[in-house]
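For clarity, every value in this text was computed on a predicted model and none was experimentally measured. Each chain gets a letter, A, B and so on, in the order its sequence line appears, and its residues count up from 1.
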Amino acid sequence: MSRNHAASHEAVPTLAETIRGAAWARGLTPAQLARVESDVHERSIPAGDCVFRRGEPARHWLGVVSGLVKISSASPSGKAITFTGVAAGGWIGESALLRGGPRKADVVAVRASRVALMPRDTFDWLVDASIAFSRYLLLQLNERVGVYFDSIESNRLEDSDVRIAHCIASLFNPVLNPGMRKDVPLSQQEIGLLSGTSRQRTNQALHALARCGLVRVAYGGVTVSDPDALRRFDG
DNA sequence: ACATTAAATTCGA
DNA sequence: TCGAATTTAATGT
């Protein structure tokens, strides 16, 4: 099972590093941070497994320690869509916690991942105890609003090459996805689910973007050297 | 939808 | 632990 390679330059973040490195942890007092570190626990999720399911009560705020997770949903007839991907360093799921209702979408590991789970009680306590934490939540929620505005605009106005470019670029939002790497480990199928286009159409679009030098396509993923250029792409 | 290629897994030594 | 054989996943048209 274990693979002892000379993969020494591959940094494997610990749970504590993920917490201390999170933007929302910066404004906490040492005592608050200590409670957070003792309350948050970690789970390993194999690729393809579900972390949260749509409809279940929200019991945790979720951080990605390593790997890649997607927020997705499936219609009763089985058609699937993906809302967004969250890479290491990203935190997700605050909406259902704040609303107090059921989860509105599934959270699924796209690649084998480790996730941090902050219990609801700890989250609620931080909201009450720390203005800095609450302010961070406002920032993050506001950033989500901006992403959805851009997404709807792009979907209404642009052709699929541009929409796919914008979908990939939106994964690089520095607030929501601070740890997004240039190599995006999403298959063309997954990018299709994210952008609402068929896998075949996604394949064509990626090669068009590659011809413009905006992405490099590889087996199982694409590489984005300049996310801002992708965001500006307008055909 | 189909053919091709890459990767992951299984299996026997 | 190795590599060949087989199966599964992803790509390209």
Where the side chain of A/Ser195 meets the backbone of A/Ile191, is there a donor-acceptor pair that is under 3.5 Å apart?
->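 Yes, A/Ser195 side chain to A/Ile191 backbone: donor-acceptor pair under 3.5 Å.
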Hey, is the main chain of A/Leu97 close enough, under 3.5 Å, to the side chain of A/Arg120 for a donor-acceptor pair?
->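 Such a contact is found between A/Arg120 side chain and A/Leu97 backbone.
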For A/Asp106, all residues meeting side chain to side chain donor-acceptor pair (under 3.5 Å), sequence neighbours excluded |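 Not a single residue meets the side chain to side chain donor-acceptor pair (under 3.5 Å) criterion with A/Asp106.
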Can you measure [X] atom [atom1] to [N] atom [atom2] for me and round it to whole angstrom units?
X: A/Leu193; N: C/dA10; atom1: CG; atom2: P; result: 11 Å
X: A/Gln189; N: C/dG12; atom1: CD; atom2: P; result: 14 Å
X: A/Tyr219; N: C/dA10; atom1: OH; atom2: C1'; result: 4 Å
X: A/Arg199; N: C/dA10; atom1: CZ; atom2: C1'; result: 7 Å
X: A/Asn203; N: B/dT5; atom1: CG; atom2: P; result: 15 Å
X: A/Gln188; N: B/dA6; atom1: CD; atom2: C1'; result: 13 Å
X: A/Leu206; N: C/dT13; atom1: CG; atom2: P; result: 13 Å
X: A/Arg201; N: C/dT13; atom1: CZ; atom2: P; result: 14 Å

Among C/dT11, C/dT13, C/dG12, the one nearest A/His207 by side-chain distance |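 Between C/dT11, C/dT13, C/dG12, the one nearest the side chain of A/His207 would be C/dG12.
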A/Gln200 side chain, from C-beta outward: closest of B/dA1, B/dA6, C/dG12 =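 Out of B/dA1, B/dA6, C/dG12, the nucleotide with an atom closest to A/Gln200's side chain is B/dA1.
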Base, sugar-phosphate, or nothing: which does A/Ala47 touch, judged by heavy atoms less than 4.0 Å apart?
->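 Nothing, no heavy atom under 4.0 Å.
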Touch check for A/Gln204, heavy atoms < 4.0 angstrom, all strands: base, sugar-phosphate only, or nothing?
->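 Since no nucleic acid heavy atom lies under 4.0 Å of A/Gln204, the category is nothing.
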What's the verdict on side chain to side chain donor-acceptor pair (under 3.5 Å) for A/Ser73 and A/Arg54, showing C-alpha distance, side-chain angles and the deciding distance?
-> CA-CA 7 Å; A/Ser73 150; A/Arg54 178 181 187 169; 3.2 Å; yes
